[in-house]
Peer 1: 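If you scroll down you'll find the structure; I have some questions about it.
Throughout, a chain's letter reflects where its sequence line sits, starting with A, and its residues are numbered from 1. All figures in this text were calculated on a predicted structure; none of them were measured in a lab.
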Number of protein chains: 2
Amino acid sequence: MSQDGIDLPTSLGYLLKEASSALRAAMEEVLRPLDMSVTHYSCLELLAQRPGLSNSELARGAFVTRQTMNVLLQALERDGYVTRPAAAPVGKALPTRLTPRGRRSLEKASAAVRSVELKMLAGMTDAEQAAAFQALQSMITSLRTG
Amino acid sequence: MSQDGIDLPTSLGYLLKEASSALRAAMEEVLRPLDMSVTHYSCLELLAQRPGLSNSELARGAFVTRQTMNVLLQALERDGYVTRPAAAPVGKALPTRLTPRGRRSLEKASAAVRSVELKMLAGMTDAEQAAAFQALQSMITSLRTG
DNA sequence: CAAGGTATGTCAGGATACTGACATGAGTCA
DNA sequence: TGACTCATGTCAGTATCCTGACATACCTTG
């Protein structure tokens with residue numbers, strides 16, 4: 001109606017939110033049988049790829065606050081999925097690592113999430129995926145600068 | 001390290017989450033001075049474009065549950081931003097409409113959000129934007145089916 | 001007409017994430 | 001050295017959103 005307003009359904013921002021919401025819902029669905037939340041999985045996956053990450057670094061990687069990640073890490077540590085040294089080797093940062101149990105737990109989750117990612121990419125050519133990749137990165141950098 | 005795991009930083013799913021997170025943060029930043037949350041703004045924008053939407057329809061459009069949208073609508077109605085009839089004209093759905101006050105409130109917010117959207121799109125050609133649009137829609141439909 | 005299925009609005013309780021705040025450790029700079 | 005800035009881990013309180021549940025209203029289908 002008005003040319004002033006953003007046309008929601010055709011706005012890239014809206015579409016981005018919709019896609020992210022759909023992805024999150026799909027991930028929650030496949031992770032629920034494993035009693036694992038998306039943040040939970042993100043934390044484990046990050047640790048598998050970059051062992052020794054600190055609480056704050058994990059928080060940034062999972063897009064939550066370091067307070068939120070801290071309570072998650074405490075639960076994961078209590079249940080034996082990760083380990084943290086009692087004292088910080090340098091500074092205050094406590095390098096976190098997966099235990100064998102954590103690694104086992106991640107395996108199933110990783111397979112489940114991979115199936116979601118494959119479903120999401122189904123119907124897109126490699127060129128389209130590359131274009132989407134580049135577009136998303138451009139959006140991120142544009143939003144962060146300034 | 002392992003070929004089994006998804007390489008997070010290069011995964012489209014991760015990038016999607018990162019972009020969505022950055023967009024949400026940018027929107028929250030410009031909406032905070034107006035004492036408006038993203039869901040709050042989404043609700044008003046939806047009503048401006050499609051007057052008469054019901055609570056459940058608004059919830060789907062803003063990607064929250066209808067319970068969440070309901071408490072928001074109650075607050076908006078109490079503060080005079082929207083109106084809902086006391087009785088449903090048909091079924092149980094209560095068609096919601098913006099008041100002049102709601103429309104005024106939306107104007108500033110819409111301008112602020114538009115600036116964020118423009119910033120996000122800066123550095124992308126029209127062709128790249130079109131490609132991103134198509135890619136996101138493809139992901140959404142793929143995730144929903146099956 | 002009766003019965004099942006679907007969609008809606010709403011209430012209550014609980015889970016999740018956030019903001020605010022504090023103390024501590026490391027680096028910078030005059 | 002001392003003051004300053006920044007990043008980190010952690011505690012407490014709050015906000016936000018969700019799941020579960022219920023009653024109601026429409027719409028099929030036999």
Side-chain angles (χ1 to χ4, degrees), chain A residues 17 20-22 24-29 31-44 46-47 50 52-79 82-97, chain B residues 17-18 20-22 24-29 31-33 35-43 46-47 50 52-78 82-97:
Chain A
K17 193 171 173 181
S20 177
S21 171
R24 184 174 192 86
M27 287 181 65
E28 281 173 349
E29 187 179 344
L31 288 175
R32 188 170 307 127
L34 306 174
D35 275 314
M36 201 179 290
S37 73
V38 173
T39 305
H40 186 143
Y41 159 76
S42 299
C43 176
L44 263 45
L46 281 165
L47 283 175
R50 300 213 279 272
L53 249 41
S54 73
N55 174 33
S56 290
E57 291 168 324
L58 286 169
R60 281 191 292 268
F63 308 108
V64 294
T65 62
R66 60 184 199 271
Q67 293 90 330
T68 298
M69 182 55 70
N70 192 37
V71 305
L72 174 59
L73 277 183
Q74 286 175 352
L76 290 178
E77 193 174 16
R78 167 175 50 80
D79 297 342
V82 305
T83 55
R84 285 192 292 182
V90 55
K92 292 191 68 179
L94 300 173
T96 312
R97 294 185 174 276
Chain B
K17 193 172 174 181
E18 186 172 3
S20 178
S21 172
R24 183 174 193 86
M27 287 181 65
E28 280 172 351
E29 188 178 343
L31 288 176
R32 189 171 305 126
D35 275 312
M36 201 179 290
S37 74
V38 174
T39 305
H40 186 144
Y41 159 76
S42 300
C43 176
L46 283 165
L47 283 175
R50 300 214 280 271
L53 249 42
S54 73
N55 174 32
S56 289
E57 291 169 324
L58 286 169
R60 281 192 291 268
F63 309 108
V64 295
T65 62
R66 59 185 200 269
Q67 293 90 330
T68 298
M69 182 56 70
N70 193 36
V71 306
L72 174 59
L73 277 184
Q74 285 175 354
L76 291 178
E77 193 173 15
R78 168 175 50 79
V82 304
T83 55
R84 283 192 292 181
V90 55
K92 292 192 68 178
L94 299 173
T96 311
R97 294 183 174 277

Peer 1: Quick check: do R50(B) and E57(B) have side-chain heavy atoms less than 4.5 Å from each other?
Peer 2: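 In short, these two side chains do not touch, never coming nearer than 4.5 Å.
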Peer 1: In this structure, are over 12 heavy atoms from other groups packed under 6.0 Å from E28(A) atom CD?
Peer 2: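 Counting neighbours around CD of E28(A), more than 12 heavy atoms of other residues, nucleotides or ligands fall under 6.0 Å, so yes.
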Peer 1: Are Q74(B) and N70(B) packed together at the side-chain level, in the sense that at least one heavy-atom pair is separated by less than 4.5 angstrom?
Peer 2: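 In contact.
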Peer 1: If we only count heavy atoms from C-beta on, is the S54(A) to R66(A) side-chain gap below 4.5 Å?
Peer 2: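 When only atoms from C-beta onward are counted, R66(A) and S54(A) do not touch, as no gap falls below 4.5 Å.
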Peer 1: May I ask you to list the residues of residues 62-72 of chain B, by number, that have any heavy atom positioned under 4.0 Å from an atom of DNA chain C?
Peer 2: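 Residues of residues 62-72 of chain B under 4.0 Å from DNA chain C: R66(B), Q67(B), N70(B).
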Peer 1: Starting from P on dA7(C), measure out to CG on L58(B) and report it in whole angstrom.
Peer 2: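 Atom CG in L58(B) sits about 17 Å away from atom P in dA7(C).
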Peer 1: So which protein nitrogen or oxygen atoms get under 3.5 Å of nucleotides 25-29 of chain C's nitrogens or oxygens?
Peer 2:
residue	atom	partner	partner atom	Å
dA26(C)	OP1	G91(A)	N	3.4

Peer 1: Have a look at E57(B) and say if it touches a base, only the backbone sugar-phosphate, or nothing, with a 4.0 Å heavy-atom cut-off.
Peer 2: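 E57(B): no heavy atom of the nucleic acid under 4.0 Å.
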Peer 1: Are any of the side-chain heavy atoms of L76(B) and C43(B) separated by less than 4.5 Å?
Peer 2: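 Side chain of L76(B) against side chain of C43(B), heavy atoms only: contact under 4.5 Å found.
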Peer 1: So do V82(A) and R97(A) actually touch side chain to side chain, heavy atoms under 4.5 Å?
Peer 2: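 No - every pair of side-chain heavy atoms lies 4.5 Å or more apart.
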Peer 1: Could you state the NE2-P distance from H40(A) to dA15(C), rounded to the nearest angstrom?
Peer 2: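 Taking NE2 of H40(A) and P of dA15(C), I get 16 Å after rounding.
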Peer 1: Would you classify T39(A) as touching base, sugar-phosphate or nothing, given that sugar-phosphate means primed atoms plus P, OP1 and OP2, and contacts are heavy atoms under 4.0 Å?
Peer 2: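 Since only primed, P, OP1 and OP2 atoms lie under 4.0 Å of T39(A), the category is sugar-phosphate.
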Peer 1: OP1 or OP2 of dT8(C) less than 4.0 angstrom from a side-chain nitrogen or oxygen of R84(B), does that happen here?
Peer 2: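 Checking R84(B) against dT8(C): no side-chain N or O falls below 4.0 Å of OP1 or OP2.
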Peer 1: How bent is the helix from dC1(C)-dG30(D) to dA30(C)-dT1(D), comparing axes over its five end pairs at each side, to the nearest 10°?
Peer 2: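 The two end axes of the helix from dC1(C)-dG30(D) to dA30(C)-dT1(D) meet at 40°.
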Peer 1: Report the C-alpha distance between T68(A) and T65(A) in whole Å, list the side-chain angles of each, state the deciding distance to 0.1 Å, and finish with yes or no for side chain to side chain donor-acceptor pair (under 3.5 Å).
Peer 2: CA-CA 5 Å; T68(A) 298; T65(A) 62; 3.0 Å; yes
Peer 1: When the distance from CZ of R32(A) to P of dA15(C) is rounded to whole Å, what number comes out?
Peer 2: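 Interatomic distance, CZ of R32(A) to P of dA15(C): 15 Å.
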Peer 1: Please report the shortest heavy-atom distance between S42(A) and A62(A), naming the atom on each side.
Peer 2: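 Looking at all heavy atoms of both residues, the closest pair is CB-CB, 4.1 Å.
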Peer 1: Can you tell me how far the OG1 atom of T39(A) sits from the CG atom of L58(A), to the nearest 0.5 Å?
Peer 2: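 Interatomic distance, T39(A) OG1 to L58(A) CG, rounded to 0.5 Å: 11.5 Å.
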Peer 1: Output the rounded distance in Å from CG (L73(B)) to C1' (dG9(C)).
Peer 2: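 Checked: the CG to C1' distance equals 11 Å.
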Peer 1: For the pair V38(B) and K17(A), evaluate side-chain contact (heavy atoms from CB on, under 4.5 Å) and give the outcome as yes or no after the intermediate values.
Peer 2: CA-CA 11 Å; V38(B) 174; K17(A) 193 171 173 181; 3.5 Å; yes
Peer 1: Between the protein and nucleotides 2-4 of chain C, list every N/O to N/O distance that falls short of 3.5 Å.
Peer 2:
none

Peer 1: Using heavy-atom distances to pick each residue's nearest nucleotide on DNA chain D, tell me which of E28(A) and S56(A) is more 5'.
Peer 2: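 That would be S56(A).
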Peer 1: Contact class for S54(B) (heavy atom, under 4.0 Å): base, sugar-phosphate, or nothing?
Peer 2: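 The residue S54(B) makes sugar-phosphate contact but no base contact.
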Peer 1: Any side-chain donor paired with an acceptor under 3.5 Å for S21(B) and E18(B)?
Peer 2: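 No, because no side-chain N or O of S21(B) sits under 3.5 Å from a partner of the opposite role on E18(B).
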Peer 1: In this structure, how many angstroms lie between the P atom of dT16(C) and the CG atom of L76(A), rounded?
Peer 2: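 Going from CG in L76(A) over to P in dT16(C) covers 12 Å.
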Peer 1: What is the 5' to 3' range of DNA chain D, first to last nucleotide, that sits under 4.0 Å from any heavy atom of chain B?
Peer 2: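 Span of nucleotides near chain B: dC17(D) to dC26(D).
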Peer 1: Would you say the side chain of N55(A) lies within less than 4.5 Å of the side chain of T96(A), judging by non-hydrogen atoms?
Peer 2: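 T96(A) vs N55(A): side chains apart.
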Peer 1: List the atom of A93(B), the atom of A88(B), and the distance in Å for their closest heavy-atom pair.
Peer 2: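 Minimum heavy-atom contact is O-CB, 3.5 Å.
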Peer 1: List the residues meeting salt bridge (Lys or Arg N to Asp or Glu O under 4.0 Å) with R84(B), not counting sequence neighbours, and say none if there are none.
Peer 2: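 Only E77(B) meet the salt bridge (Lys or Arg N to Asp or Glu O under 4.0 Å) criterion with R84(B).
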Peer 1: Looking only at side-chain N and O atoms, does N55(B) come under 4.0 Å of OP1 or OP2 in dG9(C)?
Peer 2: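 True: N55(B) side-chain N/O within range (under 4.0 Å) of dG9(C) OP1/OP2.
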